[in-house]
Chemist: 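Here you go, one structure.
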Amino acid sequence: MKAYSTQNIRNVVLLGSTKSGKTTLSEAMLYEGKVIDRRGTVEAKNTVSDNSEIEQLNQRSIYATPLYAEFMDVKFNIVDTPGADDFVGGAVSAFKVCDTGVLVINAQQGVEVGTRIFARYAKQYGIPLIFAVNQLDGEKASWETVLESMKATFGKRPVIIQYPVNVGAGFDGFIDVLKMKYYHFVDDSGKREDLEIPAEHLEEAEALRQELIERAAEYDDTLMEKFFEAGVLTEDEIRKGLGIGCRAGEVCPVFCLSAKKDIGVKRLMEFTIKVAASPAEHKALTKEGKEIECKQDAPTSLFIYKTAVEPHLGEVAYFKVMSGELTEGMDLENPETGDKERITTIYAVAGKKKERVSDLFAGDIGCTVKLRAAKTNVTLCTPGTDIAFEPINFPKSKFRTAIKAKEQKDEEKMTEALNKMAAEDPTIIVEYSKELKQTILKGQGEHHINIVKWRLKNENKIEIDMFAPRISYRETITKVAAADYRHKKQSGGAGQFGEVHLLVCPYIDGVEGGNKFKIDGKDVVLNVKGKESYDLPWGGKLEFYNCIVGGAIDARFMPAILKGINDKMNEGPLTGSLARDIRVYVYDGKMHPVDSNEISFVLAARNAFKEAFRNAGPKIMEPIYNVEVMTPTEYMGACMSDLQNRRAIIEGMGTDKGFDTIKARVPLAEMYKYSTTLSSLTSGSATFTMEFADYQPVPGDVQDKLLKAYLEQEKED
């Protein structure tokens, strides 16, 4: 394969709902680009994309697959993405390296849930869209229904370039109002006849062309002036105007396809070459906010957007050349670590097919192997240029579960396998929580996590259990309490002796700690000699006051007292959860000239603190998350009701890009499998985000249940 200049590269991501035909379209594009000489099918499990065992079993895309095709002296880099929101990470990574999206719409279904979700993602990431109405040869295909659903969902954005003739099983052509031609297909091989528009279609075609001209003129002052003067635009001028509108996100050209029969695929590719942006028109931002132009005559830089482990190759790094020229044997540098990497081999990629090339120019996409430390989101550049591109911002997790191997001996193997999967798919998050004593697995949804489970079982031969994760509760107090404890131990020789009197009260942010309290019914003023304030690793504060007078406890034992308090805060006197937001005043005690030592005061402080804590109106606090749900209007009531059943506090409602939105504060304890429930309630049409907000006290009935459960667990242990 020759090296393509930046101007002769088009990077396209295929988007759309499950079963819209993205993989079949990619197969036809590869066929037209002479990468394959025979088109496979999803049903036959022989497509270039969807080439993994799990994809073939499910007959749907699960991973984003990079592909290429050479067509009209242009190299198409194509990323075929999954249609389920659970696997959105593949689309998001593709947005980083692609300049145009082809949104595939199923003519038998119209605009579906996935269509709307991925259109919204494309808009969020600034990806211009071309609409490809596919499966017009389907028995239930309806052009009118598709048009209505597109207008209802996208308003004025869809602009008809083509409309079909003989929709249904007999679909064999379309009218192209940009070319003003009738394209008739004689068989299923993509062979077409370029004919004049039949008389019965001419009036409709001319009306649609006039609409096309008017829309194209809207986005360029020169074109608008010419349109007002002459009333017409040339084909090139229409394309120019559409290109401007498309880049601005105001226009989505509409094309007609049967990817299965290779009808319309060639015209889609021709249009993309002439209208869609080349990489040269885009600038990439560095982490410092500097814009880097995609130019060939610049220092070399590349961005790794995906990694995978493949048989016979090992770890493969997929990248886009962001600037300059990449050649085999080139030495590059990770600007953030200083690590050097040699690019020993470069491949153009079409699924499992890897074609070795000697060089790639700015804007091109390829892969390499045997990098030592370069992973997803890493930049490699010419040494000394210090270019580090903004990382891909993957969506936050929506589903979390605890996970463990059925066999203890497989725990280490399971963790290793999970970490490898997370390296390939950054939307898989694996972490061991020391606090919860559980391995927590996070993903985009239950289906996403079930794929992980399948891979562990079938690829790694590890059986696992998944269950609701524990919750990171916190404990605090609501009032003042005092306690004392004497630790005394004598068993021959030197003994142990330490006595601590302390008082606890709530820490309130912004409110200074006082020194006047009531202890045993008496008003007491404490003499504060020293104060230490600590931001706790798990959140919240501990303030430690030394109020010892008269040498009742030697200053050298104060660190031991603080350690005893910290030890008990790590366990939590109520349920073993971490304690926070507490002020502790140590105001009296006793020591022995021989038997007192550090361990004595650690133990005395632990027990005194535990007793005071239990008498200070202890309260369990739970993590609260800010949740935002986006749902079609018809499901708003069901979503509201479900949230309220989850102890949510509704904070606001509104609209966003045609969706109703609900903003709520919801306890994490109530969010287990929420993504599955939401999908069921809304037929998969709603989505949500969640982000940690703060800790709040649990209701009394919930606290009683937690205390009871903890006591029962202690008995079992």
Side-chain angles (χ1 to χ4, degrees), residues 10 12 14-16 20 25 99-107 110-111 115-116 118-120 122-123 126-134 136 142-165 167 174-183 197 201-224 226-228 231-257 264-265 267-277 657-658:
R10 298 294 181 272
V12 176
L14 302 184
L15 305 164
S20 58
L25 173 57
D99 310 304
T100 304
V102 173
L103 186 65
V104 184
I105 300 172
N106 187 340
V111 173
T115 318
R116 295 202 278 186
F118 285 100
R120 192 166 69 242
K123 193 165 187 178
I127 300 294
L129 291 177
I130 297 171
F131 289 170
V133 181
N134 190 27
L136 283 161
S142 170
W143 176 247
E144 290 74 19
T145 300
V146 171
L147 282 183
E148 286 176 13
S149 64
M150 283 195 295
K151 289 175 182 176
T153 306
F154 303 110
K156 286 179 58 182
R157 289 172 65 196
V159 177
I160 296 173
I161 306 294
Q162 302 168 347
Y163 68 92
V165 177
V167 173
F174 52 83
I175 308 294
D176 192 308
V177 298
L178 174 60
K179 289 282 191 180
M180 287 304 282
K181 290 284 185 183
Y182 167 44
Y183 292 98
I197 297 175
H201 288 285
L202 197 54
E203 184 178 346
E204 183 180 2
E206 288 175 344
L208 287 171
R209 182 176 175 84
Q210 191 61 26
E211 288 180 22
L212 185 61
I213 291 170
E214 290 174 10
R215 290 298 305 278
E218 284 183 33
Y219 305 103
D220 184 271
D221 291 340
T222 305
L223 295 178
M224 182 64 77
K226 180 175 180 182
F227 172 67
F228 281 139
V232 294
L233 297 176
T234 66
E235 188 179 314
D236 285 341
E237 288 169 336
I238 295 171
R239 276 197 289 259
K240 178 184 175 183
L242 291 176
I244 295 169
C246 203
R247 288 168 184 71
E250 299 295 329
V251 167
C252 299
V254 178
F255 283 78
C256 297
L257 298 180
V265 177
R267 268 296 290 135
L268 175 64
M269 296 173 77
E270 291 168 353
F271 182 86
T272 304
I273 288 170
K274 294 183 179 179
V275 174
K657 302 179 182 72

Chemist: Find out whether Arg10 and Thr100 are in side-chain contact, i.e. whether some heavy atom of one side chain is under 4.5 Å from a heavy atom of the other.
Modeler: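 No. Closest side-chain heavy atoms not under 4.5 Å.
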Chemist: Taking C-beta and beyond as the side chain, do Glu250 and Tyr219 meet within less than 4.5 Å on heavy atoms?
Modeler: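 The answer is yes, as the side chains (C-beta and beyond) meet within the 4.5 Å cut-off.
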Chemist: Ignoring hydrogens and geometry, is there a side-chain-to-backbone donor-acceptor pair from Thr153 to Met150 under 3.5 Å?
Modeler: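 No: the side chain of Thr153 does not pair with the backbone of Met150.
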Chemist: Please give me the minimum heavy-atom distance between Ala122 and Leu15, naming the atom from each residue.
Modeler: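 Of all heavy-atom pairs spanning Ala122 and Leu15, the closest is CB-CD1, 4.3 Å.
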Chemist: Quick check: closest heavy atoms across Leu242 and Ala216, and the distance to 0.1 Å?
Modeler: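 Looking at all heavy atoms of both residues, the closest pair is N-CB, 4.2 Å.
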Chemist: Could you tell me the separation between the OH atom of Tyr182 and the CG atom of Leu202, rounded to the nearest 0.5 Å?
Modeler: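 Reported to 0.5 Å precision, the distance equals 14.0 Å.
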Chemist: Starting at CG of Asn106, measure out to CG of Asn134 and round the result to the nearest 0.5 Å.
Modeler: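 The CG atom of Asn134 is 7.0 Å from CG of Asn106, to the nearest 0.5 Å.
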Chemist: Test Val254 against every option in Val159, Val133, Leu103 by the side chain to side chain contact (heavy atoms under 4.5 Å, CB included) rule and name the one that passes.
Modeler: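 It is Val133, the one option of Val159, Val133, Leu103 that forms the side chain to side chain contact (heavy atoms under 4.5 Å, CB included) with Val254.
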Chemist: If you measure from CD on Glu214 to CG on Leu233, what distance do you get to the nearest 0.5 Å?
Modeler: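 Result: 10.0 Å between the selected atoms.
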Chemist: Show the nearest heavy-atom pair for residues Cys246 and Pro128, with the distance to one decimal.
Modeler: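 For Cys246 and Pro128, the tightest heavy-atom pair comes out as O-CB, 3.3 Å.
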Chemist: Is the backbone N or O of Ala205 less than 3.5 Å from a side-chain atom of Arg209, with the two atoms forming a donor-acceptor pair by type?
Modeler: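 Not at all, since once roles are kept as given, no pair shorter than 3.5 Å links the two residues.
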Chemist: Could you tell me whether the side chain of Leu257 reaches within less than 4.5 Å of the side chain of Val104, counting heavy atoms only?
Modeler: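 Of all side-chain heavy-atom pairs linking Leu257 with Val104, none is under 4.5 Å.
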Chemist: Are Phe271 and Pro253 side-chain neighbours, meaning at least one heavy-atom pair lies under 4.5 Å?
Modeler: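 Of all side-chain heavy-atom pairs linking Pro253 with Phe271, at least one is under 4.5 Å.
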Chemist: What are the two closest non-hydrogen atoms of Phe174 and Gly264, and how far apart are they?
Modeler: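 Shortest heavy-atom contact: CE2-CA, 3.6 Å.
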Chemist: With Glu204, which residues qualify under salt bridge (Lys or Arg N to Asp or Glu O under 4.0 Å), at least two apart?
Modeler: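 Once residues adjacent in sequence are excluded, Glu204 has no partner under the salt bridge (Lys or Arg N to Asp or Glu O under 4.0 Å) criterion.
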Chemist: How long is the span from the NZ atom in Lys240 to the CG atom in Asp220, to the nearest 0.5 Å?
Modeler: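 The CG atom of Asp220 is 4.5 Å from NZ of Lys240, to the nearest 0.5 Å.
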Chemist: The criterion is salt bridge (Lys or Arg N to Asp or Glu O under 4.0 Å); which residues satisfy it with Glu235, sequence neighbours excluded?
Modeler: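 Partners of Glu235 by the salt bridge (Lys or Arg N to Asp or Glu O under 4.0 Å) criterion, ordered by chain and then number, come out as Lys179, Arg239.
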Chemist: For a 4.5 angstrom cut-off between non-hydrogen side-chain atoms, does Lys274 reach Leu178?
Modeler: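 Answer no - side chains too far apart.
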Chemist: Taking all non-hydrogen atoms of both residues into account, name the closest pair between Gly101 and Ile127 and its distance.
Modeler: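 Where Gly101 meets Ile127 most closely, the heavy atoms are N-CG2, 3.4 Å.
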Chemist: How many angstroms lie between atom OG1 of Thr234 and atom NZ of Lys226, to the nearest 0.5 angstrom?
Modeler: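 If we round to the nearest 0.5 Å, Thr234:OG1 and Lys226:NZ are 5.0 Å apart.
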Chemist: Looking at Arg215 and Glu218, is there a salt bridge between them, counting it only when a charged N and a carboxylate O are closer than 4.0 Å?
Modeler: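 Yes, Glu218 and Arg215 are salt-bridged.
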Chemist: Any chance you could measure Glu237, atom CD, to Ile213, atom CD1, to the nearest 0.5 Å?
Modeler: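 Interatomic distance, Glu237 CD to Ile213 CD1, rounded to 0.5 Å: 9.5 Å.
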Chemist: For residues 155-165, which residue pairs qualify under salt bridge (charged side-chain N to carboxylate O under 4.0 Å, His left out), counting only residues two or more places apart or in two chains?
Modeler: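 Output for this query is empty, none listed.
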Chemist: How close do Val102 and Ala132 get, heavy atom to heavy atom, and via which atoms?
Modeler: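 Closest approach of Val102 to Ala132: CG1-CB, 3.8 Å.
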Chemist: Among Val165, Asp176, Ile175, whose side chain to side chain contact (heavy atoms under 4.5 Å, CB included) with Tyr183 holds?
Modeler: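 Testing each of Val165, Asp176, Ile175 against Tyr183, the sole residue satisfying side chain to side chain contact (heavy atoms under 4.5 Å, CB included) is Asp176.
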